[in-house]
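Read the structure below first, then the notes.
This is a predicted model, so every value here is computed, not measured.
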Amino acid sequence: MFSSRQGLCRQEAAQLDLRPEDWRRRTFRSAAEVPALLNDIVAAMDRFAYPIKDLFGVRLALEEALVNAVKHGNRCDPAKEVRLRYWVNAEVVVLQVEDEGDGFDPSGVPDPLLPENLERPSGRGLFLIRKYMTWTEYNERGNCVTMCKHRGE
């Protein structure tokens with residue numbers, strides 16, 4: 001697995017002890033459906049009075065992950081689905097986005113902050129996801145990302 005904080009995320013995910021019935025699930029097929037999904041997550045966070053900074057960061061990171069899944073993972077194929085699973089409580093938001101694509105190696109995406117990459121049109125979404133979330137982890141295939149945001153981090 002590829003992770004921004006390898007040890008922490010596995011250990012923490014085990015501590016959360018999220019059972020399948022604890023997750024909320026949504027599926028969608030196009031980028032046009034993304035705004036409604038984002039609104040659902042922000043509304044769930046609002047119920048727990050998350051700070052505006054957290055709302056902004058989760059919304060931005062999730063939008064990047066969802067659009068990447070449609071555009072890059074499923075290649076905008078309307079026959080393919082993207083699955084969103086999420087769990088929100090007063091201290092943590094856990095999000096999982098999975099597409100039906102072949103996957104990719106996130107470590108192979110060039111750092112958008114390096115001088116030679118500043119004008120490249122790709123790679124910024126993954127950078128933003130990593131910066132705004134507490135941790136991220138990709139499955140081995142590279143078609144599923146799990147992201148976690150702790151309140152106030």
Check step by step if side chain to side chain contact (heavy atoms under 4.5 Å, CB included) holds for Asn143 and Glu98.
CA-CA 6 Å; Asn143 73 323; Glu98 183 176 11; 4.0 Å; yes

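- Here CG of Leu126 is found 4.5 Å from CZ of Phe104. Values are rounded to the nearest 0.5 Å.
- Leu95 and Tyr132 fall into different hydrophobic clusters, where Ile, Leu, Val, Met, Phe, Trp and Tyr side chains are chained together by heavy-atom contacts under 4.5 Å.
- For the atom pair CE of Met133 and CG of Leu60, the computed distance is 10.5 Å after rounding to the nearest 0.5 Å.
- If you chain together hydrophobic residues whose side chains sit under 4.5 Å apart, Phe127 and Phe56 fall into the same group.
- Judged by distance alone, with hydrogens and angles left aside, the side-chain atoms of Asp46 form no donor-acceptor pair with the main-chain N or O of Ala49 at under 3.5 Å.
- Put simply, Leu128 and Val145 are part of two different groups of oily side chains (I, L, V, M, F, W, Y) that touch within less than 4.5 Å, one to the next.
- Using modelled atom types, one side-chain atom of Asn74 and one backbone atom of Glu81 make a donor-acceptor pair closer than 3.5 Å.
- Put simply, Val109 and Leu114 are part of two different groups of oily side chains (I, L, V, M, F, W, Y) that touch within less than 4.5 Å, one to the next.
- Between the side chain of Arg124 and the main chain of Arg120, a donor-acceptor pair closer than 3.5 Å is present.
- Gln96 pairs by the side chain to side chain donor-acceptor pair (under 3.5 Å) definition with Arg85, Thr146, not counting sequence neighbours.
- Considering CE of Met45 and CG of Asn89, their distance stands at 11.0 Å, rounded to 0.5 Å.
- Residues Val67 and Leu84 are members of one and the same hydrophobic cluster, defined by side-chain heavy-atom contacts under 4.5 angstrom among Ile, Leu, Val, Met, Phe, Trp and Tyr.
- Between Leu62 and the choices Val93, Ile41, Val34, the side chain to side chain contact (heavy atoms under 4.5 Å, CB included) rule is met once, by Ile41.
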